[in-house]
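Shown next, in structure tokens, is the structure this report addresses.
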Amino acid sequence: MSQLKNPDQLIHDIELSMSNPNVPVDDVLELKDGRMIEWHLEVQRVAGKVAGRVSGFRDVSDRKHAELAALSHSRLQAVIAAL
């Protein structure tokens with residue numbers, strides 16, 4: 001948790017899963033070093049009862065940084081066109 005930019009976000013997501021196990025959690029966690037980790041949390045059931053939770057993590061830093069760069073470029077182009 002010490003590597004997270006906003007650890008309260010992770011706590012909130014876990015609390016959400018605990019209070020509403022029928023809703024999977026999908027979020028992007030930002031680390032202090034600039035990396036972005038996509039996180040998926042889903043409840044696993046056995047005989048209809050919650051047996052546990054499974055998480056998957058994927059580093060999406062490159063994709064997210066490219067999306068932000070494209071958005072910045074689009075905004076810059078709009079400003080230039082408005083001049």
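Any value given below was found using the heavy atoms of this structure, including those in side chains, with hydrogens, waters and symmetry copies removed. The shown structure was predicted, so the numbers you read here are calculated from the model rather than taken from an experiment.
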In terms of hydrophobic clusters joined by side-chain contacts under 4.5 Å, are Met36 and Leu4 together?
-> no

For the atom pair CG (Asn6) and CD1 (Ile11), what is the distance rounded to the nearest 0.5 Å?
-> 9.0 Å

Would you find a donor on one side and an acceptor on the other, under 3.5 Å apart, between the side chain of Gln9 and the backbone of Val28?
-> yes

Same cluster for Ile37 and Ile14 if Ile/Leu/Val/Met/Phe/Trp/Tyr side chains link at under 4.5 Å?
-> yes

Phe57, Leu10: one ILVMFWY side-chain cluster at the under-4.5 Å cut-off?
-> yes

Heavy atoms only: give me the nearest Ser17-Val43 pair and the separation to one decimal.
-> OG-CG2, 4.3 Å

Which atom names give the shortest non-hydrogen contact between Ser61 and Arg35, and what distance separates them?
-> OG-CA, 3.1 Å

Are there more than 12 heavy atoms of other residues, nucleotides or ligands under 6.0 Å from atom CG of Asp62?
-> no

Nearest-0.5 Å distance, NZ of residue Lys32 to NZ of residue Lys5 | 11.0 Å

In Å, rounded to the nearest 0.5 Å, how long is the span from CG of Asp27 to CD of Glu38?
-> 9.5 Å

How far does CG of Leu31 sit from CG of Asp59, to the nearest 0.5 angstrom?
-> 8.0 Å

Under the side-chain contact (heavy atoms from CB on, under 4.5 Å) rule, what do Gln77 and Ile80 come out as? Steps first, then yes or no, please.
-> CA-CA 5 Å; Gln77 294 292 48; Ile80 291 171; 3.9 Å; yes

According to a 4.5 Å side-chain heavy-atom criterion applied to Ile, Leu, Val, Met, Phe, Trp and Tyr, with indirect links allowed, do Leu68 and Leu29 form part of one hydrophobic cluster?
-> no

Mind listing the closest non-hydrogen atom pair of Leu41 and Arg53 along with its distance?
-> CD1-CB, 3.7 Å

On a heavy-atom basis, the closest approach of Arg45 and Val50 is NH1-CG2, 3.4 Å

Just how far is it from atom CG of Asp26 to atom CD of Glu42, taken to the nearest 0.5 Å?
-> 8.5 Å

Arg58, CZ atom: more than 12 neighbouring heavy atoms under 6.0 Å | no

Please walk me through it: do His12 and Asp8 pass side-chain contact (heavy atoms from CB on, under 4.5 Å)?
-> CA-CA 6 Å; His12 173 266; Asp8 291 338; over 6 Å; no

If you draw a 6.0 Å radius around CD in Gln3, do more than 12 non-hydrogen atoms from other residues or ligands fall strictly inside?
-> no

